[in-house]
Amino acid sequence: MASEAIDLEKNKEESLPPCCRHTNRSEETKKALLTRLKKAEGQIRGIEKMVENDLYCPDILIQVSAVTSALNSFNKVLLQEHIKGCVTRDIKAGKDESVDELCKVLQKLMK
């Protein structure tokens with residue numbers, strides 16, 4: 001009976017749209033991801049102040065580049081976690097469509 005409840009929960013989650021699915025992350029992973037996002041958020045606030053204070057364009061562009069780099073680092077960590085966790089789990093369960101989804105995500109990331 002417990003396995004039936006687990007199967008029902010899995011089927012329920014699989015039928016959800018992508019925006020409603022969840023991934024359980026370790027506290028360490030969450031902390032690392034949130035730290036990277038907060039860093040980028042602080043950099044963006046700094047850029048806003050630079051614009052408000054009419055600072056020199058190349059200086060602002062350098063800071064924008066730093067934010068882009070911070071977000072790319074965030075993406076690398078999240079993508080690694082997704083491949084090692086979600087995709088690997090799905091492949092082991094015979095859900096090859098997870099690989100197709102990953103390919104689509106990579107195409108969007110590499111635009």
Side-chain angles (χ1 to χ4, degrees):
M1 241 160 104
S3 67
E4 288 176 11
I6 292 171
D7 288 342
L8 286 174
E9 188 63 32
K10 283 182 185 177
N11 289 337
K12 181 178 166 186
E13 180 147 330
E14 289 170 2
S15 65
L16 292 173
C19 64
C20 300
R21 295 182 288 180
H22 291 83
T23 299
N24 294 323
R25 295 178 184 88
S26 70
E27 288 302 315
E28 181 181 327
T29 299
K30 280 185 204 179
K31 184 178 178 182
L33 290 170
L34 290 171
T35 297
R36 289 175 184 275
L37 286 176
K38 288 177 187 198
K39 178 181 176 185
E41 180 183 29
Q43 290 172 313
I44 289 172
R45 279 196 305 274
I47 293 167
E48 288 174 343
K49 289 178 184 173
M50 292 175 82
V51 171
E52 288 170 357
N53 293 320
D54 295 322
L55 292 183
Y56 192 52
C57 297
D59 294 339
I60 296 171
L61 290 167
I62 296 298
Q63 291 307 309
V64 170
S65 177
V67 171
T68 301
S69 179
L71 290 174
N72 283 337
S73 293
F74 172 86
N75 277 347
K76 287 176 191 175
V77 172
L78 188 59
L79 183 59
Q80 177 179 329
E81 290 296 317
H82 179 60
I83 293 169
K84 287 183 174 183
C86 305
V87 175
T88 301
R89 180 192 64 233
D90 287 353
I91 290 170
K92 287 179 181 177
K95 299 178 188 173
D96 293 335
E97 61 272 7
S98 186
V99 174
D100 295 332
E101 179 187 52
L102 176 61
C103 291
K104 288 178 187 176
V105 168
L106 289 172
Q107 288 174 352
K108 289 180 181 180
L109 287 174
M110 293 182 184
K111 280 187 177 179

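Fair warning: this is a prediction, and the values are worked out from it, not measured in the lab.
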Enumerate donor-acceptor pairs with a distance under 3.5 Å from any side-chain N or O in residues 28-53 to protein atoms, sequence neighbours excluded.
from, atom 1, to, atom 2, distance (Å)
Thr29, OG1, Ser26, OG, 2.9
Thr35, OG1, Lys31, O, 2.8
Asn53, ND2, Lys49, O, 3.0

*Can you list the residues that meet the side-chain contact (heavy atoms from CB on, under 4.5 Å) rule with Leu102, with sequence neighbours excluded?*
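Partners of Leu102 by the side-chain contact (heavy atoms from CB on, under 4.5 Å) criterion, ordered by chain and then number, come out as Leu79, His82, Ile83, Val87, Leu106.
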Listed pairs under 3.5 Å, donor-acceptor, residues 62-78 side chains, sequence neighbours left out:
from, atom 1, to, atom 2, distance (Å)
Thr68, OG1, Val64, O, 3.0
Asn72, ND2, Thr68, O, 3.4
Ser73, OG, Ser69, O, 3.2

_Quick check on Asn24: does its CG atom have over 12 non-hydrogen neighbours (other residues, nucleotides or ligands) under 6.0 Å away?_
no
